[in-house]
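Please read the structure below before turning to the comments.
A note on names: the letters A, B, ... follow the listed sequences, proteins ahead of strands, and every chain is numbered from 1. Side chains included, hydrogens not; waters and symmetry mates left out as well; all remaining heavy atoms used. Please read these numbers as outputs of a predicted model, since none were measured by experiment.
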Amino acid sequence: MHQEHSAEEVQKHVRTYLVVFVMLLALTFVTVAISRLHLGVFQSIVLALIIACIKGSLVALFFMHLISEKKLIYGALALTVAFFIGLMFLPVGQMITAVAL
Amino acid sequence: MSSGHHEHSEQQEHHAEPGFWQKYVFSTDHKVIGLQYGFTALCFLFFGFLLMLLMRWQLAFPGQALPVIGKFFSDSSMPGGIMLPEFYNSLGAMHGTIMVFLGVVPLAVGAFGNYVMPLQIGAVDMAFPKINMASYWAFFVGGVVMLVSFFVPGGAANSGWTSYPPLAELATTGQTLWLLGMVFLITSSLLGSVNFIVTIIQLRVKGLSFMRLPFFVWAQFVTAFLLLLAFPPLEAAGVLQLMDRLAGSSFFLPSGLVVSGQLMHNSGGGTPILWQHLFWFLAHPEVYVLILPALGIVAEIIANNTRKPLWGYKSMVYSLIFLGFMSFIVWAHHMFMTGMGTVINAFFQTTTMIISVPSVIVLSCLFLSLWGGSIRFNTPMLFALAFLPMFGIGGLTGLPLGLTTTDLHLHDTYYVIGHFHYVVAPGTIFALFAGIYYWFPKATGRKMNEVLGKLHFIGSFIFINGVFMPMFIQGLAGVSRRLFDGGASYYHAGPVLKLNVMMSVSAWCLALAQLPFIINFFYSMFAGEKVTSDNPWQSTTLEWATPTPPPHGNFTFTPEVVRGPYEYSVPGESSDFLPQYQPVKG
Amino acid sequence: MMLEWLHKLGLPPVASVHGVAVDVAQAGVHWLMLVLFVGWMGYFIFVLFRFRRSRNPQANYQGVKSHFSTYVEVAVVVAEAVLLLGFSIPMWRQRVEAFPSASQATVIRIVAEQFAWNIHYPGPDGIFGRTDPKLIDLTSNPLGLDRNDPNAMDDITNVNQLHLPVNKPVIIHLSSKDVIHSFGIPQMRIKQDAIPGMSVPIWFTPSVTSEEMKKKTNDDKFQYQIACAQLCGLGHYRMAGYVTIESQEAFDTWLDEQGAKAQTSGDDAFWL
Amino acid sequence: MSALEIPYVYTPREDTGLTNAKLGIWLFLASEVMLFGALFSTYIVLRVGAPVWPRGASILNVPLATLNTVILISSSVTMVMAWAELARGQFKRHKLYLALTILLSFGFLIVKYVEYSTKFHHHLFPSKSTFLAIYFTLTGLHGLHVLGGIVVNTYFLGPGAKMWKTEPQRFMGRIEVAGLYWHFVDLVWIFLFPVLYLL
Ligand code: HEA
Ligand code: HEA
Ligand code: CUA
Ligand SMILES: [Cu+2]
């Protein structure tokens with residue numbers, strides 16, 4: 001099972017890590033570059049968040065090995081996502097509640 | 001697998017007897033930790049109750065000096081024995097905080113969860129014994145910080161257990177300690193909940209599938225998820241309020257505040273409502289944390305003492321899970337009167353009505369489980385039975401609060417106080433008493449005295465209703481909560497004002513009614529009737545398969561589960577109970 | 001019938017137009033609660049008696065076989081849906097969306113503070129004068145009204161004395177200077193938090209004058225009061241405001257008096 | 001301390017495929033998601049409610065933060081390499097990578113220190129504006145998490161490393177768990193960086 005990883009297997013992993021590393025660096029510079037373009041507030045927020053999500057997914061999928069994780073972990077994370085969405089209701093609720101003075 | 005070898009060598013390494021400190025103070029044994037939690041939590045419950053007894057004097061006889069005890073208080077709280085409003089508010093806030101975070105949760109989850117749950121799943125200990133110990137000590141430190149806050153200048157936190165800003169941010173040092181204390185308590189709960197979930201998922205013995213788990217374990221499982229995912233937002237909120245108090249930021253303070261005629265020079269831009277959202281995002285799930293373990297205890301005891309399986313076990317489990325889910329999206333029903341639009345209001349009203357349905361199902365199942373039983377009325381069963389209608393009253397009175405139309409009149413009145421005390425006091429506290437009487441023989445090898453137990457039950461039952469029933473009347477009359485004079489300033493409170501005296505007297509009698517319990521508890525610990533069997537209640541679940549009291553490591557054999565949790569009175573069997581671990585015949 | 005019981009239990013008489021609907025809903029929920037409670041209690045006591053050990057030594061493994069509980073649960077769901085969709089949601093929409101037009105209503109501002117209700121009438125011009133927190137002075141100008149603003153000239157302010165004409169909608173813009181308070185008048189079945197940094201409008205129509213209520217309750221001391229419902233500090237318990245509901249004429253006379261008083265005595269340093 | 005054998009410490013349980021620690025750390029991270037999630041919603045609420053919101057770049061130092069992003073990403077790579085080397089049985093190289101990770105984490109904190117001190121120098125405190133308040137709170141909490149990671153990793157580099165000799169399987173599990181935590185800290189920064197500095 002979770003025993004000795006064969007040398008080739010690990011070698012393959014390591015190659016993925018390096019590729020991901022390069023991609024993360026590239027995306028970091030892309031996001032900084034985009035912010036220099038002074039796009040509209042809305043566009044820049046959307047773009048920056050999309051890039052952040054891609055970077056985050058790369059880290060989670062490859063460094064944290066989520067891509068080949070056990071079902072149970074997916075379950076726990078799905079639950080968290082559900083509650084996270086609940087949490088994001090909070091600003092929505094707040095905005096609808098608030099009546100500015 | 002190479003691990004077998006290491007396990008062996010580890011056993012060889014440590015067989016020296018642990019010393020006193022390691023055995024009783026810094027123990028990693030889940031049972032010792034459970035007892036530590038239990039004892040500390042009982043003390044806090046008692047302390048929280050004492051605070052309330054003081055408050056009830058002021059409510060019954062506003063402005064009159066408290067006889068005898070009054071003179072022992074400092075001039076900054078009760079000069080001449082007469083309570084100051086600031087002190088009343090401190091007592092109220094600390095009563096709420098202590099009861100919820102230092103009393104009921106540690107007792108229901110920390111003590112019962114820790115002691116019973118691993119036994120019921122046949123585990124040798126929790127998955128992370130050291131983390132388990134750490135979570136007890138984090139709780140302990142949190143408790144000490146809370147207690148210390150009574151002695152700082154300005155007294156303890158006095159802005160309600162809800163700590164709404166801006167009031168809480170204008171408050172004295174006590175509030176800072178309250179926040180620090182909460183950070184410790186939250187940390188403790190987070191560590192604990194990770195431990196519980198991992199233990200339940202990983203350490204179930206062979207054959208114990210999820211649908212064979214005792215209902216109590218299910219309750220702890222769902223509770224742990226609530227703690228795990230709902231507490232962090234309060235931790236965030238606590239950090240933000242600490243920043244506001246200590247670093248001068250304005251997360252919860254809008255611009256242009258004028259306090260006592262003085263313009264505040266804060267940067268502004270924050271909003272007090274944000275705190276309420278973050279607080280209730282935790283605190284609504286938290287109230288289910290208060291009730292679910294209680295339901296679990298009651299379910300165990302009812303199955304055992306009706307000598308029949310729980311009726312509708314599966315639908316109870318599914319209701320529980322559904323309840324857990326829903327509890328995350330009802331929080332704003334505590335905020336109906338903050339000025340909400342139709343849509344958001346309709347949303348939260350609807351979810352609140354929906355969440356009442358699984359509660360109705362669980363309660364119905366428990367009621368129906370009684371049908372066809374052979375009911376034994378021992379002390380644990382009496383408390384468990386009384387729980388049902390008491391939780392029923394508390395739950396039912398949640399309905400008018402959940403509908404905005406009626407909450408419009410009832411919000412922040414004593415009706416709310418009545419509602420939730422029915423669920424937590426004659427509800428949860430009764431269930432916890434039931435649990436203490438029920439599992440006491442396992443933990444100590446002695447039974448608690450039945451006569452004292454029944455005395456405790458009758459006294460508690462009568463007087464606790466005497467305290468809380470009149471609250472609905474006061475609430476309907478429109479009497480606000482947290483009133484220092486119990487409503488004497490208001491015309492509309494006039495007709496129901498005299499109830500205050502009756503409620504206070506009931507509260508003091510309720511305190512007296514606890515004496516048989518306290519005596520019983522200590523007496524039975526040392527001199528109670530010894531149990532002759534490891535399974536004195538003739539129960540089916542695994543905790544009764546251990547020696548009494550269970551040694552470190554719990555089981556003397558490796559249990560294997562072959563059937564569901566409540567196989568009582570199975571037709572064609574000679575014994576009226578079939579333990580989960582008893583091998584199938586033939 | 002339920003309403004009578006609730007009144008006996010302490011519910012104060014209703015004194016606003018929408019309050020009647022609130023009470024109907026109140027009675028509805030309490031019916032649901034009562035029926036469930038009595039039904040289950042009857043069952044409970046019967047079961048405890050019938051299935052006690054001495055009478056029923058051998059438990060039945062199966063237990064209940066009927067679908068009785070399912071029917072109860074469905075009935076509860078239906079009843080809740082009716083209360084929710086039939087009463088509560090429409091009622092709330094009416095509360096927060098169906099505001100009467102300002103011209104047909106008495107419009108006032110109320111600014112809460114520790115521990116008083118500052119009441120602000122716009123005066124004959126119907127326009128509130130400018131306010132500024134910097135101008136606030138605890139004794140002379142608690143609202144921070146800028147008397148140099150032409151709109152503020154005729155404004156009438158007062159502390160803790162709320163007068164309202166009967167049978168005419170009232171719109172109150174509610175806010176707070178310091179901490180959160182909650183504005184409630186039990187007989188009007190109205191409640192709203194007063195939150196610093198926000199101004200929340202509420203409306204209702206008083207339907208019974210103070211005098212009428214004195215007769216109705218047989219009590220000369222009857223008094224409508226604003227009750228602060230949210231913990232706001234050490235004076236929370238005594239943060240009562242006084243409400244007088246009177247005929248339109250009496251109200252107008254009172255308002256004139258107040259206006260005249262303000263003109264002659266001058267209520268703050270910025271006057272003139 | 002005890003002679004107890006808790007099962008599934010070394011090897012995964014068959015039906016879940018997980019060791020206790022692995023499941024535990026993911027649950028812990030789930031709660032962390034909720035913690036930072038709550039702070040992000042706070043950010044959104046404050047930002048939407050504010051009449052004007054400064055562009056991060058106009059107050060904060062983007063080049064330094066970019067540098068820090070690069071540092072943190074690199075440390076994530078060295079961390080995962082430290083684990084991979086263990087998997088290959090290369091203990092020495094594992095130690096090297098772990099040490100590198102710690103070094104990079106210190107680098108991150110030093111840069112952060114420079115950033116903070118220039119802010120303080122210019123009298124930019126949390127009390128100045130809600131933007132600065134949320135900036136200090138978010139980066140401060142994140143910084144505490146970095147500190148926590150340093151403590152854990154240093155332990156595994158020093159005294160904790162003894163376990164490799166006696167229980168290699170378990171030690172590898174521990175490094176994996178420490179890695180998961182560290183990547184999460186990286187992941188949070190990946191979101192903090194654009195949100196605070198670029199938008
Ligand atoms: C354990 C604690 C607990 C539990 C379980 C509940 C359960 C519920 N609560 Fe309660 N609640 C609190 C603790 C709890 N509450 C606390 C502490 C507060 C106040 C906090 C504060 O402001 O300080 C509060 C406040 C509160 C409010 C805010 C009121 C206000 O401030 O204006 C609301 C509003 O919707 C509400 C609703 C509900 C509902 C709909 C349920 C439902 O889940 C209930 C569902 C249950 C039933 C519907 C019962 C079913 C009954 C039967 C099947 C038959 C019964 C039979 C017999 C009686 C014989 N609660
Ligand atoms: C779990 C929660 C919990 C519990 C159990 C209780 C229990 C009780 N509460 Fe409390 N209460 C709150 C939570 C709780 N309360 C909260 C959150 C508030 C709101 C605070 C706020 O406004 O912010 C509140 C407010 C509140 C008020 C309103 C104050 C106000 O608005 O001004 C009142 C008034 O009477 C009251 C009374 C009581 C009484 C008489 C009990 C009794 O039922 C107590 C009974 C206790 C016991 C029976 C335990 C006895 C313990 C032992 C016997 C242990 C023995 C010890 C050993 C063996 C070592 N409570
Ligand atoms: Cu104002 Cu309470
Ligand atoms: Cu709630």
Determine the option with the most heavy-atom pairs under 4.5 angstrom with chain B, choosing from [options].
options                       : result
C/G63, C/P133, C/G19, C/S88   : C/S88
C/R50, C/Q58, C/H7, C/Q114    : C/Q58
C/C228, C/G184, C/A21, C/S182 : C/C228
C/I89, C/V64, C/V29, C/V47    : C/V64
C/K134, C/H18, C/K191         : C/K191
C/Y224, C/F46, C/F222         : C/F222

- Taking the inter-plane angle between the rings of B/Y415 and C/H30 on a 0 to 90° scale, is it parallel (under 30°), tilted (30 to 60°) or perpendicular (over 60°)?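 Ring orientation of B/Y415 relative to C/H30: perpendicular.
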Please determine, among [options], the option with the most heavy-atom pairs under 4.5 Å with chain C.
options                        : value
B/N305, B/D407, B/T404, B/V570 : B/T404
B/V496, B/N345, B/V360         : B/N345
B/G478, B/G392, B/G395, B/S569 : B/S569
B/T413, B/V357, B/T350         : B/T350

- Task: Let me see the working for B/L167 and C/I180 under side chain to side chain contact (heavy atoms under 4.5 Å, CB included), right down to the final yes or no.
- Result: CA-CA 7 Å; B/L167 184 63; C/I180 301 176; over 6 Å; no
- Query: Does the side chain of C/E80 pick up a donor-acceptor pair with the side chain of B/S356 at under 3.5 Å?
  - Reply: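 C/E80 vs B/S356: donor-acceptor pair found between side chains.
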- Message: With heavy-atom distances below 4.5 Å as the criterion, would you say the side chains of B/Q262 and C/I136 are in contact?
- Response: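 No; the side chains remain at least 4.5 Å from each other.
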- Item | Under 3.5 Å: donor-acceptor pair, side chain of B/D485, backbone of C/R238 |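 Side chain of B/D485 to backbone of C/R238, a donor-acceptor pair under 3.5 Å: no, none is there.
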- Query: Can you check whether B/Y491's main-chain N or O pairs, donor with acceptor, with C/Q223's side chain at less than 3.5 Å?
  - Reply: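 No: the side chain of C/Q223 does not pair with the backbone of B/Y491.
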- Taking B/T342 as the fixed residue, which of C/E97, C/R95, C/Q94, C/R93 is the one that meets the side chain to side chain donor-acceptor pair (under 3.5 Å) rule?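 Among C/E97, C/R95, C/Q94, C/R93, the one that satisfies the side chain to side chain donor-acceptor pair (under 3.5 Å) with B/T342 is C/E97.
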- Task: Could you tell me whether C/Y61 and B/Y568 have their ring centroids closer than 6.0 angstrom?
- Result: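 No; B/Y568 has its ring centre 6.0 Å or more from that of C/Y61.
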